[in-house]
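What's counted below: heavy atoms across the whole structure, side chains too, no hydrogens, waters or symmetry copies.
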Amino acid sequence: MSKKILVVDDSSMMRNMISGILKKAGHTVVGNAKNGAEGVNSYKSLKPDVVTMDITMRVMDGFAAAREILEYDQDASIVFLSNLDEKNYKKDAELLGAMGYVNKHKTREILSIIDSLG
Amino acid sequence: MKILKNPKDWNGHEQRSSERINIFRTGKIRAFFNISNLRKRLLIYFALVVFVTFSVGAQLLYEIGSRRLNNQITASIVQQLSEHEKNRFDINKVRNVLKRLQYRMILIMGIVMICVIATMIVFTRNIIEPLDLIGKAAKKIADGHLNETVPVRNQDEIGNIGELINDLAANLQEILLHVWNHTDDDIVLLDHICEEVNSSKDNGLSKKVKQELAFVRQDITDMQDMVKAFDYYNIRLDNGKVIGRDEAEGGGA
């Protein structure tokens with residue numbers, strides 16, 4: 001099922017790459033944000049079904065942004081997409097209330113997580 | 001010019017010269033000459049504007065205050081007056097008008113000076129300083145310090161340049177970390193293949209394959225060394241893993 005997705009990443013190259021993968025899979029990328037603060041604002045205005053969130057970003061990092069989004073909307077679906085070691089950060093992401101954690105060098109795995117959200 | 005005949009004087013002279021050079025090298029003069037070329041050029045332009053304004057103003061002030069002009073004006077007025085009017089004519093009134101004109105010109109020059117200085121300060125703050133900061137940060141990023149962030153103060157063209165440089169650094173970081181993560185997986189895979197080859201009974205094949213695998217492993221290690229040579233934003237490479245700075249320093253992620 002096609003979903004409305006917001007992509008939050010500080011690298012324009014990664015935003016384009018993730019958007020490309022999602023669009024090819026039939027999803028709609030409703031917006032892009034280059035840091036956590038922009039991501040929070042975009043979430044409030046665009047109300048996407050899913051947010052793909054980088055962790056290491058300037059201005060506001062992904063965990064802080066996810067916390068703010070979940071405070072605003074408890075039902076928000078956030079999937080972290082980061083270069084940080086999965087073993088160390090997956091648990092933190094789950095404790096925060098995220099739907100998943102994907103390492104960036106296996107970006108395509110994000111599709112199975114989004115599909116599993118129903 | 002003083003001629004130094006005694007070699008002792010030469011030494012003293014040399015010492016004084018080197019002291020002067022040291023003062024130049026370490027003192028405020030050096031700090032002035034260390035400012036960016038753009039700032040230097042701007043200072044020269046503004047100094048020229050001030051010089052031209054003051055030269056013209058000073059020349060006009062001098063002319064207005066000169067006895068020659070006073071006399072010329074008085075003479076031309078007096079020429080047109082009748083004998084009766086000449087007796088009533090008060091030269092001091094003309095001088096007062098000229099003096100008031102002089103004061104007004106001084107006031108205008110003061111206002112022009114304040115405007116020039118204010119423009120210079122605003123120009124320096126809004127254009128030169130951000131450009132200096134962008135230049136310094138871009139140099140650090142070019143040297144491999146991807147942890148450097150270009151400060152973006154305003155959302156204008158200069159701010160856009162800053163944002164683009166930050167984006168460039170973020171893109172480069174993504175590529176390098178992508179290489180790091182893949183090479184780490186590849187090394188684990190290679191080591192596994194090596195173990196399989198070592199346990200193979202075909203000694204001839206295993207020796208050749210082992211040698212080739214060693215080359216491939218060396219190439220991957222070289223690639224990892226290159227990736228390790230960079231400084232990353234909020235990230236540290238450790239033991240084949242990508243660790244957040246907060247965690248590496250004992251905090252949470």
Side-chain angles (χ1 to χ4, degrees), chain A residues 7-21 32-39 41 52-67 78 80-98 101-110, chain B residues 137 141 145-153 155 159-160 162-189 223-224 227-228 230-253:
Chain A
V7 178
V8 185
D9 200 301
D10 61 343
S11 157
S12 60
M13 185 194 71
M14 279 310 294
R15 288 198 299 271
N16 291 339
M17 194 183 109
I18 298 162
S19 299
I21 291 170
N32 286 295
K34 61 176 177 285
N35 59 55
E38 264 188 28
N41 290 335
T52 72
M53 181 78 78
D54 186 16
I55 294 177
T56 314
M57 287 183 287
R58 289 162 169 88
V59 184
M60 184 192 268
D61 70 44
F63 279 130
R67 218 168 280 134
I78 299 169
F80 282 105
L81 197 56
S82 172
N83 278 307
L84 294 170
D85 186 46
E86 204 174 329
K87 281 175 200 158
N88 297 24
Y89 294 93
K90 195 173 183 177
K91 208 172 180 184
D92 288 333
E94 281 169 359
L95 282 172
L96 198 68
Y101 187 100
V102 176
N103 201 295
K104 273 185 183 171
H105 72 297
K106 298 167 187 164
T107 303
R108 280 174 203 286
E109 283 180 12
I110 202 165
Chain B
I141 290 169
H145 303 287
L146 305 181
N147 50 346
E148 192 65 31
T149 303
V150 177
V152 178
R153 286 185 190 168
Q155 292 300 323
N160 282 346
E163 279 194 356
L164 287 173
I165 293 172
N166 284 339
D167 190 30
L168 211 63
N171 285 345
L172 188 55
Q173 176 158 323
E174 291 295 338
I175 293 167
L176 291 166
L177 293 179
H178 207 73
V179 171
W180 178 263
N181 280 325
H182 274 295
T183 49
D184 185 52
D185 287 355
D186 291 346
I187 279 185
V188 172
L189 206 67
M223 233 187 289
Q224 285 199 321
V227 175
K228 257 185 150 176
F230 288 81
D231 287 329
Y232 295 96
Y233 178 76
N234 243 0
I235 270 174
R236 197 164 66 86
L237 303 180
D238 187 41
N239 208 16
K241 302 281 174 257
V242 181
I243 311 287
R245 284 262 177 220
D246 295 341
E247 196 197 8
E249 283 155 15

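- Summarising the geometry of His105(A) relative to His178(B), their closest heavy-atom pair is CA-CE1, 3.5 Å, with the distance given to 0.1 Å.
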Stepwise side chain to side chain contact (heavy atoms under 4.5 Å, CB included) check, Asp185(B) with Lys106(A) = CA-CA 11 Å; Asp185(B) 287 355; Lys106(A) 298 167 187 164; 4.2 Å; yes
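- For chain A, the nearby parts of Asn166(B) are the backbone and the side chain; heavy atoms of each come within less than 4.5 Å.
- Ranked by heavy-atom pairs under 4.5 Å with chain A, the list Glu174(B), Lys241(B), Glu163(B) is led by Glu174(B).
- Between the CD1 atom in Ile235(B) and the CG atom in Leu84(A) there is a gap of 4.5 Å [rounded to 0.5 Å].
- Listed by sequence position, Asp10(A), Ser11(A), Ser12(A), Met13(A), Met14(A) are the residues of residues 10-20 of chain A in contact with chain B, using a 4.5 angstrom heavy-atom cutoff.
- To the nearest 0.5 Å, atom CG of residue Asp9(A) and atom CG of residue Asp167(B) are 9.5 Å apart.
- Nearest heavy atoms, Tyr233(B) versus Thr56(A): O-CG2, 3.2 Å.
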request  = Could you please spell out the steps behind the side chain to side chain contact (heavy atoms under 4.5 Å, CB included) verdict for Asn103(A) and Asn181(B)?
outcome  = CA-CA 9 Å; Asn103(A) 201 295; Asn181(B) 280 325; 3.4 Å; yes
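- Between Val242(B) and Asn83(A), the shortest heavy-atom distance links the atoms CB-O, 3.3 Å.
- Only the backbone of Asn147(B) has a heavy atom closer than 4.5 Å to any heavy atom of chain A.
- In this view, Ile187(B) and Asp191(B), Arg217(B), Ile220(B), Thr221(B), Gln224(B) satisfy the side-chain contact (heavy atoms from CB on, under 4.5 Å) rule, not counting sequence neighbours.
- With rounding to the nearest 0.5 Å, the separation of CG in Asp85(A) from CG in Asp238(B) is 10.0 Å.
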